[in-house]
Amino acid sequence: MRREGPWSLYSLDKEGIKGYRSSLMEAVKEVLKDNNIATLDKERLKKAERVGMACAGKVCKSPTSV
């Protein structure tokens with residue numbers, strides 16, 4: 001976990017996952033493989049722009065929407 005002001009940012013340590021946790025992650029990947037919503041979300045995520053905490057609590061416009 002990394003803290004940035006009031007925000008807590010979490011990530012997975014893929015190399016540090018051992019035992020059943022690794023199997024659980026693989027099972028989740030397998031279940032989502034043919035899930036249409038997950039596939040659409042994954043495609044949208046490729047185009048997403050992280051705007052950061054500067055936009056928290058207010059409306060921020062991306063440079064492309066102006």
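Taking CZ from Arg21 and CE from Met25, the interatomic distance works out to 11.5 Å, rounded to the nearest 0.5 Å. One distance of note links CG of Leu45 with CG of Leu40; it measures 12.5 Å at 0.5 Å rounding. To the nearest 0.5 Å, atom OG1 of residue Thr39 and atom CG of residue Asp34 are 7.5 Å apart.
Under the rule for a side-chain hydrogen bond (donor to acceptor under 3.5 Å, both in side chains), the partners of Asp41 that lie at least two apart in sequence or sit in another chain are Arg44.
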